[in-house]
Every structure is written in C-alpha cells, then in structure tokens.
Amino acid sequence: MVIEMRDLMFLSEKNGEFPLDKLSRGSTAVITEIKAAAAAARLAEMGFVPGETVQNGFTSPAGDPTAYLLGGCSLVALRNNEAKNISVRIIAEQKGAL
Amino acid sequence: MKLTSFKQKRAAEPRRLYLLGNPNVGKSTVFNAMTGLRQHTGNWSGKTVDAASGKYTYNDREYELTDLPGTHSVNSGFSEESVAARSIARGNGAVTLILADAAALKRGVALALEFLENNGGGAVLCVNFCDIAERRGIKINFEKLSEALGIPTVGITAKKRGDIKRLKELTDKNYDILSKRAAPQGPRSTAEELLKRAAEISNECTEAPTAASSPCCAADRVLTSRIFGIPIMLLFFAGILWLTIEGANYPSELLSRLFAHIKPYLAAYVPSPLKGILVDGIYGTVTWIVAVMLPPMAIFFPLFTLLEDAGFLPRIAFNLDRCYARCGMSGKQCLTQCMGLGCNAVGVCGCRIMPDEKQRTIAVITNSLIPCNGRFAILISLSAIFIGGMVPDRLAGLMPMLCVLALICLAFAVSGGASLFFSKTLFRGSEAAFAMELPEYRRPEILKTLAVSLVTRTIKIVGRAILVSAPIGAVIWLLANMYVGGVPALTRLSLLLDPAGRLIGVDGFILLAFILSLPANEITMPILIMGYTAAGAMADAGSLADLSALLEQNGWTLLTAVNMMILTLFHWPCATTLITIYKETKSPKTLALSFLTPCVIGITLCLITKLLTKAVLLIV
C-alpha cells in the first residue's frame with residue numbers, strides 16, 4: 001500500500017498522469033493516453049479515447065470492476081486490470097463518495 | 001429471424017433503410033414502432049444480436065427497414081458489431097437512420113460523423129429520448145445540428161406515434177436525394193479527432209443546465225454498494241419467486257378443477273375406441289401442462305421482463321463480475337444465464353454477447369445447467385409437496401420459495417464451477433477483457449411490457465410445449481396400454497431402467513420420464529404421472545394434493561424428491577437447445593460436452609446425496 005502511494009506520487013509529480021484505476025471515487029479526469037496497443041482499439045470502441053473526460057462512478061461490491069462515467073453521458077464498467085492501461089490527468093478531485 | 005411477411009412482395013423493389021445506433025438508444029423500440037413488429041427490447045446492450053428486418057408502407061411507398069445490433073463504431077472487429085458493419089457495406093443505395101440518445105448526444109454525433117466519413121451522406125440523424133432530455137432541461141437545436149452534419153435531423157420520443165410518423169415523413173421526403181449520395185474518398189479521422197468534433201458540434205447545438213444530472217444515481221449507489229448490493233439482488237429474486245409460487249397456486253388449482261370438470265363431458269363425445277388415447281393421453285397431458293406451467297410462467301416472466309427493461313440485469317452482471325472473473329469468465333455470462341432461466345435455447349443464442357470464442361463456448365456448454373421455465377414448474381411443485389409439507393402451514397408458502405431460490409443458487413454455483421473447470425482445462429486461453437455498458441435506469445412501460453411478455457414469451461413457450469406434448473402424450477398412452485407379456489410396455493421399459501435408477505436414488509420411471517422428455521422438459525411430470533398410474537389413464541393429478549398422494553404411493557421418499565430435483569436441474573439439454581447449440585457453434589465437440597456435462601454432474605450429485613442419506617440412516 002505504501003509503495004503504491006509512493007508510485008502514485010512519483011507519477012503525479014512527473015507529469016500529473018496516473019493510471020485510471022487509481023482515480024478516486026467521484027473524481028473526474030481526462031484521458032491522456034491508452035498504453036496497451038492491443039487494448040487501445042477495443043477501449044476506443046467503448047469510448048475510451050484520449051481527450052475524453054472520465055469520472056469514477058461507483059465500484060461493484062467486490063471492489064472490481066468499476067463503472068466510469070464517460071464524457072458525462074454513458075456508464076461503462078471496466079475491470080481494474082483494464083483501467084490501469086489508461087493514463088489520465090485529474091481535473092476535479094472529490095473527497096469521499098459520489 | 002424471419003419477420004418479413006410474404007404477401008408484401010410486390011413488383012417494385014422496396015426502399016431500403018438501415019437502423020444504426022450506439023447500444024441502448026432504443027433501436028428495437030423505434031424498429032417496432034416503425035414496422036409494427038414485436039422484437040423484444042431489453043435495457044442492456046447486445047440484446048439484439050442479429051439483424052432483423054421488417055417492412056412498412058408510407059405514402060404508397062414500401063420500405064424495408066433492417067435493425068442492426070447496437071454498435072459503438074462503424075469500423076470494428078467485434079463479433080457483435082461486425083453484423084452491423086457488413087450490412088452497411090452492402091447497403092449502397094440505401095438510407096441509414098442513425099439513432100442517438102438526446103441525453104448522450106455527443107456519442108451519437110460521433111457515430112454519425114464516423115458513418116458520414118466512411119459511407120457518405122446517405123443518412124438521417126434521429127435523436128431519441130427527447131422526453132427524458134426535456135425533463136432534464138436539455139434543449140437541442142435540430143436545425144443547427146442538421147446544418148453542421150449535412151444530413152436531415154429529427155428529434156423524437158419513440159413511444160409517441162406522432163413522432164414516428166414525423167420520422168417516416170422526413171425519410172420519405174429525402175430518400176431520393178440521400179440514397180444517391182456516394183461514399184467519400186479521403187483520409188479517415190482517428191477516434192480522437194472524431195470525438196473532438198462531435199463534442200464541438202453537440203455543445204454548439206445543445207443548451208443544457210450547468211448542473212446536468214448525471215446517470216450515476218442514488219439507485220446505483222445502493223444496488224452496487226458493498227453491504228447491500230448482493231442481499232438486495234437476492235431479495236428481489238426471492239420476492240419474484242414468492243409472488244410466482246403464491247400467485248400461481250390459486251389459478252393452477254382453478255384450472256385443474258376446470259379441466260377435470262370438462263373431462264367427462266369431453267369423454268362422452270369421443271367414440272370409445274379413441275377415448276383412451278384422446279382423452280386420457282392427449283387431453284390429460286396437455287391440460288396438466290396448461291394448469292401447472294401456465295400460471296407460474298404468466299407471473300414470473302412478466303416480472304422478470306420488468307426488471308430487465310428497467311436496467312436491473314446489467315447491474316447484477318456488474319455486481320457479480322468478480323465471481324465470474326474467478327471462473328475465468330465475464331459478468332456478461334450472467335446475462336446469458338438469466339436468459340437461460342427463460343429458455344436455454346434463447347440463452348445459448350445470447351452467448352454471442354460473450355467477448356471471445358473461448359468464453360462463448362464455455363457459456364454455451366454451461367447454459368443448460370440453469371433451469372429453464374419448463375423445469376421451473378417441476379421444481380416448484382416438488383418443493384411445494386415435499387418441502388412445504390415438512391413445515392408448519394404458515395411457513396408452507398415461504399419454504400418452497402426458499403427451496404427454489406436455493407436450487408437456483410446451486411445451479412448458478414455449479415454453472416460457475418463447470419466454467420472454471422473448462423477454462424482451466426479444455427479451453428485455455430488468455431482472459432478476455434471485460435467492458436460493459438451500464439444503461440440508464442428507465443421506467444418500463446408496465447402495461448405494454450406485461451402484454452408483450454405474456455404474448456411473446458409465455459404463450460409462445462406454452463404453445464410449443466403443448467405442440468410437443470400432444471403427440472408424446474399419445475405415444476406414452478400407447479406405451480402404457482400396450483401389454484407385453486401381461487405388463488404394460490411403459491412399465492417394462494422402466495423395469496429395465498430400474499436398477500440404474502435405484503443406484504442413484506431414484507427409480508426406473510423417473511429415468512424413463514427424463515429420457516422420454518428429451519423433446520421438451522415440460523412433459524417430464526406428465527410422463528411420470530402416466531407411468532405411475534400405468535393403467536394408462538392419468539389420474540386427475542392436477543392438484544398438488546393428488547400428485548403428492550400418487551408419488552407417496554409409489555414409494556417416494558425425501559431422497560427421491562431431492563434427487564429428482566437435482567436431476568431436473570442437471571440432466572441433459574432438451575432437443576431444441578441441443579439443435580440450437582449445434583446451429584450456433586457448428587462444433588460436435590461443444591455439442592457432446594453440452595450433453596455430457598449436466599449428465600455427469602447430475603449423476604454425481606445424486607450418488608453423493610444417496611450415500612449421505614445412507615450414512616445418516618446408519619448413524620440414526
């Protein structure tokens with residue numbers, strides 16, 4: 001957990017980017033890059049493309065997957081191991097639940 | 001899917017229209033409204049898995065409308081979406097209606113831009129759910145939108161007849177110009193560029209209140225919460241089951257009394273040589289099915305359809321995805337299993353929504369582990385007799401419900417276990433990604449849903465059961481009345497199977513009933529009853545009390561009932577499902593596995609319960 005936090009801070013210090021699965025509940029970010037080339041096409045089809053805003057909506061009881069509000073209009077559920085392929089930059093942080 | 005009627009074939013070629021749109025923008029509703037057909041709509045993406053077409057006439061012109069499965073993109077390699085791409089590629093000289101959701105206009109505009117870039121301007125943008133958008137205070141300037149995109153644009157609410165007429169009028173007026181527009185040549189934009197332009201256009205054309213309400217609503221927070229998520233789902237399901245069992249009791253009783261009352265009158269009219277086969281064989285079987293199956297189905301399926309239309313099912317898939325992930329599958333399998341609760345053949349078709357070939361095959365094989373409605377009725381009546389009878393009267397209504405709920409949970413668990421087994425052994429492969437759209441909650445049109453689900457599902461399924469059961473009723477009656485060496489043929493056959501049956505804690509008649517009911521699971525009980533009353537006539541075992549007495553006379557114990565229920569859950573798929581599996585997969589291996597998997601599981605479980613009972617009896 002400690003290491004994760006440090007990683008996250010290192011990343012955010014570098015260029016303010018971090019993987020989507022680290023986006024806290026209720027916070028909104030903008031997609032900067034899709035890392036895995038293989039997944040990029042499919043994620044793009046679901047609407048995950050660079051430049052799109054994405055908000056962490058809510059998470060399933062087991063903690064995975066998470067539903068993201070894409071572009072303020074559609075809800076798409078992604079597993080965490082998918083979401084980590086998406087780099088985002090935060091634009092509105094929200095503390096606590098949505 | 002054959003929805004076009006033959007009589008409409010005229011000399012003139014009909015004008016071709018395609019319906020395209022993001023998932024869950026109400027395509028099936030618009031399609032139904034335009035063509036007057038009844039394609040079932042469901043509030044989750046992937047409900048329409050194959051293109052359907054229908055015809056309508058407007059202004060003395062005939063139109064052929066093809067409903068394409070929901071797509072996010074025109075150029076895509078997804079199996080669910082490739083049908084859309086192929087059809088459009090062929091659709092040269094046709095007009096495409098691009099459907100968008102007013103509350104998510106940007107997505108629709110992005111699809112329209114992509115379409116226009118690839119296929120040219122032969123399209124009309126049709127913005128649906130204007131009523132919902134209006135309620136949220138979103139205003140769309142359609143003239144501006146039309147100008148920006150270069151195609152006619154119309155805003156509708158698919159439920160309103162007038163709006164559908166406006167859409168038809170607009171299409172009719174512009175068809176000639178639009179259908180002649182050619183596909184442009186030139187570089188294609190990337191998804192990012194398209195989305196950016198779509199955002200610009202939709203922002204220019206809409207006026208939305210700054211604090212637009214988002215689709216993440218309070219309901220989602222509760223339904224998917226860590227504490228309440230799973231219990232609420234189970235409560236919903238238990239509630240539906242309870243309503244079904246309690247509500248079906250009275251009409252079932254009434255129907256069986258009515259049929260018993262009619263029987264002597266009918267017998268008086270039938271010439272005596274045919275009396276046995278017609279009245280006792282066919283009439284007995286068919287009325288049993290109507291009295292016992294129809295009431296629970298007429299309650300369960302409309303209720304279930306309401307949940308489906310409201311957008312509840314995808315949330316269940318979302319909540320349970322982690323469990324499915326552990327089994328190497330995706331939460332979408334849950335949707336196919338829920339379809340399987342209705343009919344396994346439908347569930348098998350629904351497996352097309354699975355993300356890859358490996359998961360699809362596993363979902364097909366494990367689908368028939370989920371009890372379909374035909375088996376549901378058996379579970380309900382057996383648990384009412386044997387479990388309901390064991391508890392005090394005031395709990396008698398509750399116990400069968402809990403028992404059926406437990407059996408369904410068992411079925412889902414076994415299905416998960418089998419999926420895990422297959423994904424670790426026979427069908428290895430990388431785990432495909434999970435991405436699923438969660439549609440907005442929509443208030444279902446209650447009356448319409450009830451009517452449609454009664455007609456399309458209940459009547460159709462009961463109709464099929466009756467068609468299959470009538471001839472089989474006659475055959476069984478013949479078997480029961482054909483004496484071979486002084487014993488009815490049916491009894492002789494069951495005696496042959498008896499040792500095998502005893503081995504797994506049931507009897508020969510039960511095994512025979514399962515074998516003979518291969519054409520349709522619904523007729524298992526009628527066959528069993530006819531076998532027991534081997535004189536040929538079905539005793540009027542319409543009511544549960546009569547059935548209970550009959551089963552006890554034939555030496556049924558709690559073990560017999562439990563194993564019968566286990567075998568009901570897990571034996572083999574019915575013939576319709578087997579045919580569907582072969583049609584869907586074209587793989588004899590998948591077909592064989594689909595047949596054997598439930599067999600092996602059922603027999604193993606029956607052996608376990610039998611050994612357990614023996615152990616308990618020894619200790620006591």
Side-chain angles (χ1 to χ4, degrees), chain A residues 20-21 23 25-28 30-87 92 94 96-98, chain B residues 22-24 71-73 75-78 81 101 103-108 110 190-196 198-199 202 208 212 214-216 220-221 223-231 233 314-315 317-323 325-326 330-331 355 431-440:
Chain A
L20 180 61
D21 61 325
L23 185 67
R25 196 164 170 172
S27 297
T28 308
V30 61
I31 298 174
T32 53
E33 191 191 351
I34 311 282
K35 285 207 171 120
R42 214 171 23 73
L43 286 171
E45 249 158 44
M46 299 301 295
F48 291 92
V49 287
E52 183 70 289
T53 61
V54 56
Q55 184 186 20
N56 181 329
F58 50 89
T59 301
S60 97
D64 187 20
T66 295
Y68 296 98
L69 183 60
L70 259 177
C73 57
S74 63
L75 265 176
V76 181
L78 272 193
R79 283 186 185 161
N80 292 344
N81 63 2
E82 290 266 306
K84 69 172 191 263
N85 291 324
I86 300 173
S87 293
Q94 188 170 335
L98 183 70
Chain B
N22 291 323
N24 212 48
T71 182
H72 289 276
S73 155
N75 291 321
S76 69
F78 261 76
E81 290 166 4
D101 181 348
L105 189 63
K106 189 172 71 176
R107 309 283 306 269
T190 63
E192 198 178 349
E193 288 163 353
L194 281 175
L195 210 77
K196 211 172 152 195
S202 58
S214 79
C216 305
D220 271 330
R221 263 177 282 151
L223 278 181
T224 63
S225 83
R226 197 171 275 265
I227 306 161
F228 301 117
I230 309 275
M233 273 167 34
R315 266 73 184 182
F318 175 75
N319 278 349
L320 295 179
D321 178 63
R322 193 60 184 271
C323 308
R326 292 247 168 89
S330 138
E431 253 174 61
F434 169 82
M436 189 176 66
E437 191 134 353
L438 297 175
E440 273 183 67

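Note that these values count all heavy atoms, side chains included, but never hydrogens, waters or copies made by symmetry. So you know, we letter chains A, B, ... as the sequences are listed, proteins then strands, and number each from 1. Given the structure is predicted, the values throughout are model-derived calculations rather than measurements.
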Exercise. Looking only at heavy atoms, which two atoms of B/Gly229 and A/Pro61 are closest? And how far apart?
Worked result: CA-CG, 4.3 Å
Exercise. Taking all non-hydrogen atoms of both residues, which atom of B/Arg322 and which atom of A/Ala62 are closest, and how far apart?
Worked result: NH1-O, 3.3 Å
Exercise. Below 4.0 angstrom, N of the basic side chain to O of the carboxylate: do B/Arg107 and A/Glu52 qualify?
Worked result: no
Exercise. For the atom pair CZ (B/Arg315) and CG (A/Leu75), what is the distance rounded to the nearest 0.5 Å?
Worked result: 6.5 Å
For this session: Applying side chain to side chain contact (heavy atoms under 4.5 Å, CB included) between A/Ser60 and each of B/Ile230, B/Asn319, B/Thr224, report the one that passes.
Result: B/Asn319
Exercise. Quick one: side chain to side chain donor-acceptor pair (under 3.5 Å) partners of A/Thr66, sequence neighbours excluded?
Worked result: A/Thr59
Exercise. How about A/Arg79 and B/Ser330: do any of their side-chain heavy atoms sit closer than 4.5 Å?
Worked result: yes
For this session: Take B/Leu438 and A/Phe58 through the side-chain contact (heavy atoms from CB on, under 4.5 Å) test and state the conclusion after the steps.
Result: CA-CA 11 Å; B/Leu438 297 175; A/Phe58 50 89; 3.9 Å; yes
